[in-house]
Amino acid sequence: MTHTSESNLTALAGDDFLPGPVLLLGAPGVGKGTQAQLLVTKYGIPQISTGDLLRGNIARGSELGLKAKEIMSSGHLVDDEIVNQMVLHRLQEKDTHRGYILDGYPRTLEQAKYLDLTIAGPIFLPRLPVLAVSIVVPYDQLLERITGRRICSTCKHIYNMFSNAPKVVGVCDFDGASLMQRGDDTEAVFVERMKTFEAQTAPVVAHYHDLGRFEEADGNQSVEAVNIAIEQAIIKLRGATRR
Ligand code: AMP
């Protein structure tokens, strides 16, 4: 990919740029959530994270949450049928008409096919194909990111004990609330999730790669640099697939 400066990028992706549905792919801890938030701000489109939707269901104690809870804490994937219906339901909200950032979905080939053939293009605006951008980070880096991650129980600010520690261990710098560790952010669950990721998500990568709708972004650089790499990939792919 040719180098594009940030100002050129902004010029390329002007106000009328329609990002459409964008799938962010990557192993646990590559920074999908952070990057999704930056794209949300830039393009004014929502982030749809199936992990967040599932955790919301668990917190509310819904029937779906009860089904998902045990599977999630073991590091395995929740049934395709459950997540497909959850995403279908979410896409019915009006904020998705210019596009949306998919974070953590689709994670299997079945989910990708359901998204492409049943919901993304045929039913919901914008009628643009789903693009996939994969954020790539070396394994050891990921392990530190996952096991070191702590989240403020109140403002949800994310810290890392190795690279971005709070001033006082276990306490949020901003509001003094206690920091929490996600139950699945342990090494054992990470190893399981990596196995699941490699086995289940490889076909999703191959699927979008074969359709000519796939790019990789180097995730082992600053948050800003990763963001630029992702935007370059989106613009390139949207140009390539625009009709
Ligand atoms: P995440 O927050 O995206 O890392 O997801 C946390 C957990 O939620 C995963 O380990 C899975 O158990 C479950 N999950 C999230 N998204 C999906 C999905 N698209 N398909 C199946 N399970 C999912």
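All figures in this text were calculated on a predicted structure; none of them were measured in a lab.
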Would you check, one step at a time, whether the test side chain to side chain contact (heavy atoms under 4.5 Å, CB included) holds for I151 with L179?
CA-CA 5 Å; I151 304 165; L179 301 185; over 6 Å; no
[X] with [Y], same ILVMFWY side-chain cluster at under 4.5 Å:
{"X": "L38", "Y": "I135", "result": "no"}
{"X": "M72", "Y": "M86", "result": "yes"}
{"X": "V133", "Y": "F197", "result": "no"}
{"X": "V30", "Y": "Y159", "result": "no"}
{"X": "I45", "Y": "I235", "result": "yes"}

Test item: [X] side-chain N/O and [Y] main-chain N/O as donor-acceptor pair under 3.5 Å:
{"X": "E70", "Y": "K67", "value": "no"}
{"X": "T186", "Y": "V189", "value": "yes"}
{"X": "Q85", "Y": "H89", "value": "no"}
{"X": "R149", "Y": "Q181", "value": "no"}
{"X": "Q35", "Y": "V223", "value": "yes"}
{"X": "R150", "Y": "M161", "value": "no"}
{"X": "N57", "Y": "S62", "value": "no"}
{"X": "T154", "Y": "A177", "value": "no"}
{"X": "T50", "Y": "G104", "value": "yes"}
{"X": "R213", "Y": "V130", "value": "yes"}

Within 6.0 angstrom of M194 CE, more than 12 heavy atoms from elsewhere
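Check passes, neighbour count above 12.
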How about E198: does its CD atom have over 12 heavy atoms from other parts shown lying under 6.0 Å from it?
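Correct, the count exceeds 12.
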Are [X] and [Y] packed together at the side-chain level, in the sense that at least one heavy-atom pair is separated by less than 4.5 angstrom?
{"X": "L115", "Y": "L102", "result": "yes"}
{"X": "L142", "Y": "P28", "result": "no"}
{"X": "I82", "Y": "L64", "result": "yes"}
{"X": "Y43", "Y": "E231", "result": "yes"}
{"X": "R145", "Y": "V137", "result": "yes"}
{"X": "I234", "Y": "L39", "result": "yes"}
{"X": "L128", "Y": "P21", "result": "yes"}
{"X": "T34", "Y": "N227", "result": "no"}

Identify the heavy atoms of [X] and [Y] that sit nearest to each other, and give their distance.
{"X": "A112", "Y": "H207", "answer": "CB-CD2, 3.9 Å"}
{"X": "Q221", "Y": "A229", "answer": "NE2-CB, 4.2 Å"}
{"X": "I230", "Y": "A217", "answer": "CG1-CB, 3.9 Å"}
{"X": "T201", "Y": "R107", "answer": "OG1-O, 3.5 Å"}
{"X": "P19", "Y": "R238", "answer": "O-NH2, 2.7 Å"}

Before you tell me yes or no, could you show the steps for I71 and L77 under side chain to side chain contact (heavy atoms under 4.5 Å, CB included), namely the whole-Å CA-CA distance, both residues' side-chain angles and the distance that decides it to 0.1 Å?
CA-CA 7 Å; I71 304 172; L77 291 185; 5.7 Å; no
If we count only N and O atoms by modelled type, under 3.5 Å, do the side chains of D95 and Y100 hold a donor and an acceptor together?
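Side-chain D/A pair, D95 to Y100: absent.
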Donor + acceptor pair across side chains of D175, H157 (<3.5 Å):
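Distance-only check fails for D175 and H157.
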Partners meeting side chain to side chain donor-acceptor pair (under 3.5 Å) with R55 (sequence neighbours left out)
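Testing R55 for side chain to side chain donor-acceptor pair (under 3.5 Å), a comparison that skips the adjacent residues, returns D52.
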Can you list everything that forms a side chain to side chain donor-acceptor pair (under 3.5 Å) with S74? Sequence neighbours excluded, please.
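Listed in chain order: H76.
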Separation between [atom1] of [X] and [atom2] of [Y], rounded to the nearest 0.5 Å:
{"X": "I158", "Y": "R182", "atom1": "CD1", "atom2": "CZ", "result": "8.5 Å"}
{"X": "D218", "Y": "S134", "atom1": "CG", "atom2": "OG", "result": "11.0 Å"}
{"X": "L66", "Y": "R60", "atom1": "CG", "atom2": "CZ", "result": "11.5 Å"}
{"X": "K113", "Y": "T108", "atom1": "NZ", "atom2": "OG1", "result": "10.0 Å"}
{"X": "M180", "Y": "K156", "atom1": "CE", "atom2": "NZ", "result": "6.5 Å"}
{"X": "R90", "Y": "S49", "atom1": "CZ", "atom2": "OG", "result": "11.0 Å"}

Name of the residue among I48, D103, V204 meeting side chain to side chain contact (heavy atoms under 4.5 Å, CB included) with L23
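Considering I48, D103, V204, a side chain to side chain contact (heavy atoms under 4.5 Å, CB included) with L23 is found only for V204.
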Consider side-chain hydrogen bond (donor to acceptor under 3.5 Å, both in side chains). Of D80, D116, N84, which one does Q111 pass it with?
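Exactly one pass, corresponding to D80.
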Applying ring-ring contact (aromatic ring centres under 6.0 Å, His included), run through F190 and Y139 and close with a yes or a no.
CA-CA 10 Å; F190 172 74; Y139 187 94; 5.4 Å; yes
Would you be so kind as to tabulate the donor-acceptor pairs closer than 3.5 Å made by side chains of residues 162-174, with sequence neighbours excluded?
from: D173; atom 1: OD1; to: K167; atom 2: N; distance (Å): 2.8

Worked check of side chain to side chain contact (heavy atoms under 4.5 Å, CB included) between F214 and L25
CA-CA 10 Å; F214 176 81; L25 283 169; 4.0 Å; yes
